[in-house]
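For reference, the structure is listed below as structure tokens.
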Amino acid sequence: NVDPMYQYSLGWFVALYMASIEGSRTSDSDQGNIALRLGSLEEHFTRSLYRNICRSLFEKDKLLFSFLLAFRVSKENDDKA
């Protein structure tokens, strides 16, 4: 069973993603390079997601969430290589 406190809405997720689009690092050199822009966006969103979710987790669940997120990021990086 998933604690109802841990169920995030689609609206919350979309708002977080939109904030990452606005807040991620951009520069003139990123304008022509989609890969750099996407990398910056992915990094900003992952950090933002981690900070916002950890803020609401019970202390006992933070380590597991951190591990799962790190595992998924590592797996995605391996798949890209």
Side-chain angles (χ1 to χ4, degrees):
N1 273 340
V2 175
D3 189 317
M5 186 175 126
Y6 290 168
Q7 295 176 6
Y8 296 94
S9 70
L10 178 60
W12 177 86
F13 189 81
V14 169
L16 188 65
Y17 195 77
M18 296 303 288
S20 290
I21 290 173
E22 293 174 8
S24 61
R25 181 173 24 104
T26 60
S27 68
D28 292 335
S29 63
D30 289 353
Q31 296 301 325
N33 193 335
I34 298 267
L36 283 176
R37 177 68 176 133
L38 289 176
S40 174
L41 179 61
E42 182 179 10
E43 181 180 331
H44 188 277
F45 180 71
T46 302
R47 288 180 190 273
S48 182
L49 182 73
Y50 176 78
R51 277 194 306 264
N52 281 280
I53 289 183
C54 276
R55 189 179 317 152
S56 65
L57 288 178
F58 293 122
E59 206 55 44
K60 67 181 182 72
D61 297 327
K62 288 182 181 180
L63 183 61
L64 179 60
F65 173 71
S66 298
F67 171 75
L68 291 173
L69 184 62
F71 179 78
R72 286 300 290 189
V73 167
S74 177
K75 186 175 183 305
E76 288 297 318
N77 288 340
D78 287 346
D79 289 347
K80 289 178 186 176

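Nothing fancy with the numbering, it's 1 onward along the sequence.
At least one donor-acceptor pair under 3.5 Å links the side chain of Ser24 to the backbone N or O of Ser20. Without hydrogens or angle criteria, Ser48 side chain to His44 main chain gives no donor-acceptor distance under 3.5 Å.
More than 12 heavy-atom neighbours from other residues, nucleotides or ligands sit within 6.0 angstrom of CD on Gln7. Environment of CE in Met18: sparse, with no more than 12 heavy atoms of neighbouring residues, nucleotides or ligands closer than 6.0 Å.
Under the 4.5 Å side-chain heavy-atom criterion for Ile, Leu, Val, Met, Phe, Trp and Tyr, Val14 and Trp12 are members of the same hydrophobic cluster. Both Leu16 and Leu10 are part of a single hydrophobic cluster, where members link through side-chain heavy atoms under 4.5 Å apart. Phe13 and Met5 end up in the same hydrophobic cluster when Ile, Leu, Val, Met, Phe, Trp and Tyr side chains are linked at under 4.5 Å. Put simply, Phe71 and Phe45 are part of two different groups of oily side chains (I, L, V, M, F, W, Y) that touch within less than 4.5 Å, one to the next.
In this structure, CG on Leu49 lies 11.5 Å from CD on Glu42, to the nearest 0.5 angstrom. Atoms CZ and CZ, from Arg47 and Arg51 in turn, are 7.5 Å apart once rounded to the nearest 0.5 Å. Rounded to the nearest 0.5 angstrom, Leu57 CG and Ser66 OG are separated by 8.0 Å. Taking OH of Tyr8 as the start and CD1 of Ile53 as the end, the distance is 5.0 Å to the nearest 0.5 Å.
With sequence neighbours left out, the side chain to side chain donor-acceptor pair (under 3.5 Å) criterion links Thr46 to no other residue.
Taking the six-membered ring where the residue is Trp, Phe65 and Tyr50 present parallel rings, their angle staying beneath 30° rather than reaching 60°.
Residues Asp61 and Tyr6 bring a donor and an acceptor atom of their side chains to less than 3.5 Å of each other.
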